Each structure stands twice: as structure tokens, then as C-alpha cells.
Number of protein chains: 2
Amino acid sequence: MRAVRNAVEAVHMSYAAMPEVSPAVESLVRQVIAQVADKWTMLVLEVLEEHGTLRFSQVGRLVEGISQKMLTNTLREMERDGLVTRTVHPVIPPHVDYTLTELGRELSAAFCGVWLWAETYHGQVMAARAAFRERERA
Amino acid sequence: MRAVRNAVEAVHMSYAAMPEVSPAVESLVRQVIAQVADKWTMLVLEVLEEHGTLRFSQVGRLVEGISQKMLTNTLREMERDGLVTRTVHPVIPPHVDYTLTELGRELSAAFCGVWLWAETYHGQVMAARAAFRERERA
DNA sequence: TCGCATAGTTTCCTTTTCGTGCGTATGGCA
DNA sequence: TGCCATACGCACGAAAAGGAAACTATGCGA
């Protein structure tokens, strides 16, 4: 949080001088972040942002590596948190659509920075890992 | 990835027309993201960004809720990935400092968007959850 | 001489996570 | 008369995550 304020206000002010966020809000935010920063959530968010409305199995194919169970769980949680809307067409065989809500699209945009970072620096991360392995072999 | 390109280029172009990232790079990026989006990593990143250089136990106190074991693991992984530098002062009792690298600071900045999102919208998330509980009680 | 401080490591144990496989409803197709 | 397709829910078990506590080394102060 305070890190966020830093970036937003773009200043080097004394930390002690900054207004404190209430601990309750702080813990809520942490909780929300911990859930939302989940690996599958991020990936589902991305494919929905990319492709718009998708069916259950389409998401499953696009995310790749996710099991049906985790796909169900992830989509449920995202629906619960208001990130996606779930539309059931009561036909047989079943047909269910998922779409990002405005909240979901905002979150996806917020994650862009992280995706960019990963794209930009994953080479450096790999290099760091190689160097680390070298060092610890001694 | 393509979502990132979208944001960066700020266009509504056909997805098919966009240059594809190689699957190898794609999977690397996913792997890096999955590791880096870890709950403890994010929190450690935040306190180090806030406070600059910190000792092991200082990080432990500031992160709050983390066990010694997880703190060790998290810091090791972050060092391995080149996010922090670890400086050992060979004295007794031991004294070890941790500082964000440039890479770590960049990542921290990239996460700012997510922190901001959480701060801005956690109320809406809570509301969505309450509404969801209502709905499923039927 | 006792024990405290520091940054871990290691062991043991519990909890959580996750994959796999099976069941389900039913209209349409062979 | 089967059997497939779709979007799950459920149960079992393996694997991993994670917490608690003990143990390390050792100079210094009481």
C-alpha cells in the first residue's frame, strides 16, 4: 500500500509522515491480492481478456495445463469475486459462457505491468538462476 | 502476452494479425509469473521497496504472519531469481542484509497497478462476494 | 558460567492443494 | 440399442506447502 502511494505520489517523503491505511483495510487488500494473484486466475483473466466471451471448454483449451477441476474452481472464485459473469444456457448438452466484468477488465489491465515485466526480464531471471547455480556449486 | 501487446499498442487489431510469441518464451514467461506472483514474494517485495535495505529479522517483523522457514525460502528464491542481493557480514551473531536489485525494483513497480486495483476495488469485491452468497442461498 | 542474540537449517507433523477418474442429464446420431 | 457431447460435482489419494520447535555457532554481558 505505502509502496503504491509512493509510486502514485512519486515522492521521496518520510514514511513516518505518510498517513497510515487502517489495518483492517490493509488486511482486506492483502487477502484480495493473495486470491487474485493466483496463477490460474491470472491465466484465465488473460485468455478472457484476449478472446472476449468463451465457453468453459474453450477456456480450458486456451489455458493449457489446467485440469477441469481447477478450471471449475477458478471460474467459480472469479464469479464470486465479481470478475466474470457466468451465463448458463439451459440446453442439453449444457452450454455455459464466461465474460469479464468491468472489474475483471480493470484487473487485467492492472496485471499488464507484470506481464510486461516478465516478457522484458525473463531472460535476466534465467541468467540470474544460472549464475546462482554456478555460485552454489562451490 | 497478447493482452499486454494490446495495452501497449492501445489498438483494436485482429488477434490473428498479431505476431505470435514463440511457445518456448510463452511458457518461460508463464513460469516466471507463476513463481513471482507468489503471496509471500509480493509482500517481501513490498516491504523491501518501502524500507530499502533490511536484515532478515526486520523483514520477518514487517511482513507479519510469515514463518522463519517461509521467509528463508522466499528470500532464497528471490535471490536465485535476481530480485534481491544478499550480503553476509561474517560476524557473530550473524548479520545478513537484503536489498532489492534493479530487477526487483522494476517488478515492484510493475505490481503497483495490482496494489492500486486492490485498494480501489476491494469494496466491490466484498460486495460481489456478499451478493454471491445471497444468490447461492436459494 | 549461564544464557541471550542472529540467521539460519532440519525434523516432524498437519493442512491444503491438486490430479484422476467416475457419475449425470438427455437429445441427436448411427 | 448404444454412444457421444458438455459442464460440471464428488471422492480418493498423492504431493506439496507450511507451521512449530529444536539445534547450530559464539562473543558478550550479567
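Keep in mind that the numbers below use all heavy atoms, side chains included, and drop hydrogens, waters and symmetry copies. Letters A, B, ... mirror the listed sequences (proteins, then strands); counts begin at 1. Quick caveat: nothing in here was measured; it's all calculated off a predicted structure.
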With [X], which residues qualify under side-chain hydrogen bond (donor to acceptor under 3.5 Å, both in side chains), at least two apart?
{"X": "Arg86(A)", "value": "Tyr98(A)"}
{"X": "Glu64(A)", "value": "none"}
{"X": "Thr53(B)", "value": "Thr99(B)"}
{"X": "Asn73(B)", "value": "none"}

Rounded distance (Å) that lies between atom [atom2] of [N] and atom [atom1] of [X]:
{"X": "Arg55(B)", "N": "dA5(C)", "atom1": "CZ", "atom2": "P", "result": "13 Å"}
{"X": "Met70(B)", "N": "dA7(C)", "atom1": "CE", "atom2": "P", "result": "19 Å"}
{"X": "Asn73(B)", "N": "dA7(C)", "atom1": "CG", "atom2": "P", "result": "17 Å"}

Got a list of protein N/O to nucleotides 10-16 of chain C N/O distances below 3.5 Å?
none

Contact interval (first through last nucleotide) of DNA chain D with protein chain B, 4.0 Å heavy-atom |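 Nucleotide range with atoms under 4.0 Å of chain B: dG18(D) to dT26(D).
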Are Arg129(B) and Asp81(A) side-chain neighbours, meaning at least one heavy-atom pair lies under 4.5 Å?
->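 Result yes, sub-4.5 Å side-chain heavy-atom pair found.
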Among residues 77-100 of chain B, which residues get a heavy atom nearer than 4.0 Å to DNA chain D?
-> Ile92(B)
Does the pair Arg135(B)/Glu79(A) count as a salt bridge with the N-to-O cut at 4.0 Å?
-> yes
Give a yes or no answer on whether the side chain of Ser108(A) reaches the backbone of Glu49(A) with a donor-acceptor pair at less than 3.5 Å.
-> no
Hey, is the main chain of Trp40(A) close enough, under 3.5 Å, to the side chain of Thr74(A) for a donor-acceptor pair?
->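 No, because the side chain of Thr74(A) does not come within donor-acceptor range (under 3.5 Å) of the backbone of Trp40(A).
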Would you please name every residue forming a salt bridge (Lys or Arg N to Asp or Glu O under 4.0 Å) with [X], sequence neighbours left out?
{"X": "Arg61(B)", "result": "none"}
{"X": "Arg55(A)", "result": "none"}
{"X": "Glu106(A)", "result": "none"}

Atom pair CE/OG1 of Met78(A) and Thr85(A) - distance to nearest 0.5 Å =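 Here the interatomic distance stands at 10.5 Å.
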What ring-ring contact (aromatic ring centres under 6.0 Å, His included) pairs are there with at least one residue in residues 72-93 of chain B, not counting sequence neighbours?
-> His89(B)-His95(B)
side-chain N/O Ser57(B) vs dA7(C) OP1/OP2, d < 4.0 Å =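 It does, given that an N or O in the side chain of Ser57(B) lies less than 4.0 Å from OP1 or OP2 of dA7(C).
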Rounded to 10 degrees, the angle between the two terminal axes of the helix from dT1(C)-dA30(D) to dA30(C)-dT1(D), each from five pairs =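 Overall, the helix from dT1(C)-dA30(D) to dA30(C)-dT1(D) bends by 30° from one end axis to the other.
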